[in-house]
Amino acid sequence: MHLGSIALLVRDYDEALAYYVGVLGFRLLEDTDLGHGKRWVRVAPAGAETGLLLARAVTEAQQAAIGSQSGGRVFLFLHTTDFRADYTRLKARGVQFLQEPRQESYGHVVVFADLYGNQWDLLEST
């Protein structure tokens, strides 16, 4: 078994694609029109097996959870093999970093917020 996708609530499919593909540099794996304004949209970092299913929030409860699916904790962990290069590239693309990069016992790490406020770790393990 493996984890195939993680559903991430978004306001709008195209807005989310512009960020995850255009800013973070993820690959578009699938964008299938399911009718009635619903799409099956999956993105993933290059080389990753597990991706994000961008799920447009429909109900009030879903809309209220956009950006806070984890209750304000770091929610997703983006691993890299070249921390400095990826940090510099993402910063130049306008990614909102919430702190300065730091060295921990497990590697280099920095927290950033995506366009909805979800907190991510950019992490290079040592």
Side-chain angles (χ1 to χ4, degrees):
M1 288 190 283
H2 72 276
L3 191 58
S5 296
I6 298 168
L8 183 69
L9 291 168
V10 300
R11 280 188 301 256
D12 176 81
Y13 296 118
D14 294 324
E15 170 189 64
L17 281 172
Y19 183 81
Y20 293 104
V21 174
V23 176
L24 292 186
F26 286 14
R27 296 174 299 129
L28 175 61
L29 301 176
E30 184 176 0
D31 186 351
T32 302
D33 186 342
L34 301 175
H36 308 289
K38 189 172 181 180
R39 290 160 54 185
W40 186 261
V41 181
R42 292 180 54 241
V43 298
E49 272 190 48
T50 304
L52 296 176
L53 172 66
L54 303 178
R56 186 175 53 83
V58 177
T59 68
E60 284 185 31
Q62 290 170 359
Q63 291 170 357
I66 294 172
S68 63
Q69 286 180 236
S70 66
R73 292 188 57 126
V74 170
F75 175 45
L76 298 161
F77 299 81
L78 186 59
H79 286 247
T80 178
T81 57
D82 192 343
F83 181 85
R84 285 285 159 210
D86 286 331
Y87 171 74
T88 301
R89 178 181 56 82
L90 294 175
K91 191 168 186 175
R93 290 182 176 180
V95 171
Q96 178 190 6
F97 288 94
L98 303 178
Q99 57 187 221
E100 292 299 313
R102 65 185 192 278
Q103 176 68 45
E104 295 289 347
S105 60
Y106 51 83
H108 296 287
V109 65
V110 66
V111 177
F112 70 93
D114 68 15
L115 77 161
Y116 300 111
N118 296 301
Q119 291 186 32
W120 294 63
D121 269 359
L122 176 64
L123 173 66
E124 180 179 16
S125 298
T126 52

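- Residues Ser105 and Thr126 come closest through the heavy atom pair O-OG1, 3.6 Å.
- In the displayed structure, Glu104 atom CD is contacted under 6.0 Å by more than 12 heavy atoms of other residues, nucleotides or ligands.
- Closest approach of Leu54 to Val10, counting heavy atoms only: CD2-CG1, 4.1 Å.
- For an aromatic pair to be called close, the ring centres must be under 6.0 Å apart, and Tyr19 with Tyr116 fails this.
- Between Tyr20 and Val41, every side-chain heavy-atom pair lies at or beyond the 4.5 Å cut-off.
- With a 4.5 Å cut-off on side-chain heavy atoms, Ser125 and His79 count as touching.
- A salt bridge is defined here as a Lys NZ or Arg NE, NH1 or NH2 lying under 4.0 Å from an Asp or Glu carboxylate O, and Asp82 with Arg89 fails to meet this definition.
- The distance from the CG atom of Asp86 to the CZ atom of Arg84 is 11.5 Å, given to the nearest 0.5 Å.
- By the neighbour-count criterion of 12 heavy atoms within 6.0 Å, atom CZ of Arg73 is sparsely surrounded, having that number or fewer from other residues, nucleotides or ligands.
- In this structure, the side chains of Phe77 and Val109 stay at 4.5 Å or more apart for every pair of heavy atoms.
- In this structure the side chain of Lys38 never reaches within 4.5 angstrom of the side chain of Val58, judged on heavy atoms.
- No chain of hydrophobic side-chain contacts below 4.5 Å, direct or via other Ile, Leu, Val, Met, Phe, Trp or Tyr residues, connects Leu90 to Val74.
- Of the possible polar contacts, none joining the Arg42 side chain to the Glu30 backbone as a donor-acceptor pair under 3.5 Å is found.
- The neighbour count for Glu49 CD, taken as heavy atoms of other residues, nucleotides or ligands under 6.0 Å away, does not exceed 12.
- Separating the CG atom in Leu34 from the CZ atom in Arg39 is a distance of 10.0 Å, to the nearest 0.5 Å.
- Remark: the backbone N or O of Leu115 is not paired with any side-chain donor or acceptor of Gln96 at under 3.5 angstrom.
- Separating the CD atom in Gln62 from the CD atom in Gln69 is a distance of 9.5 Å, to the nearest 0.5 Å.
- Nearest approach of Leu78 to Pro45, heavy atoms of both residues: CD1-CG, 3.6 Å.
- Counting heavy atoms from C-beta on, the side chains of Tyr13 and Asp31 never come closer than 4.5 Å.
- Residues Tyr106 and Leu123 form a side-chain contact, since some pair of their non-hydrogen atoms from C-beta on lies under 4.5 Å apart.
- Residue Thr88 holds its OG1 atom at 9.0 Å from CZ of Phe83, rounded to the nearest 0.5 Å.
- When all heavy atoms of Leu9 and Ala65 are compared, the closest pair comes out as CD1-CB, 3.8 Å.
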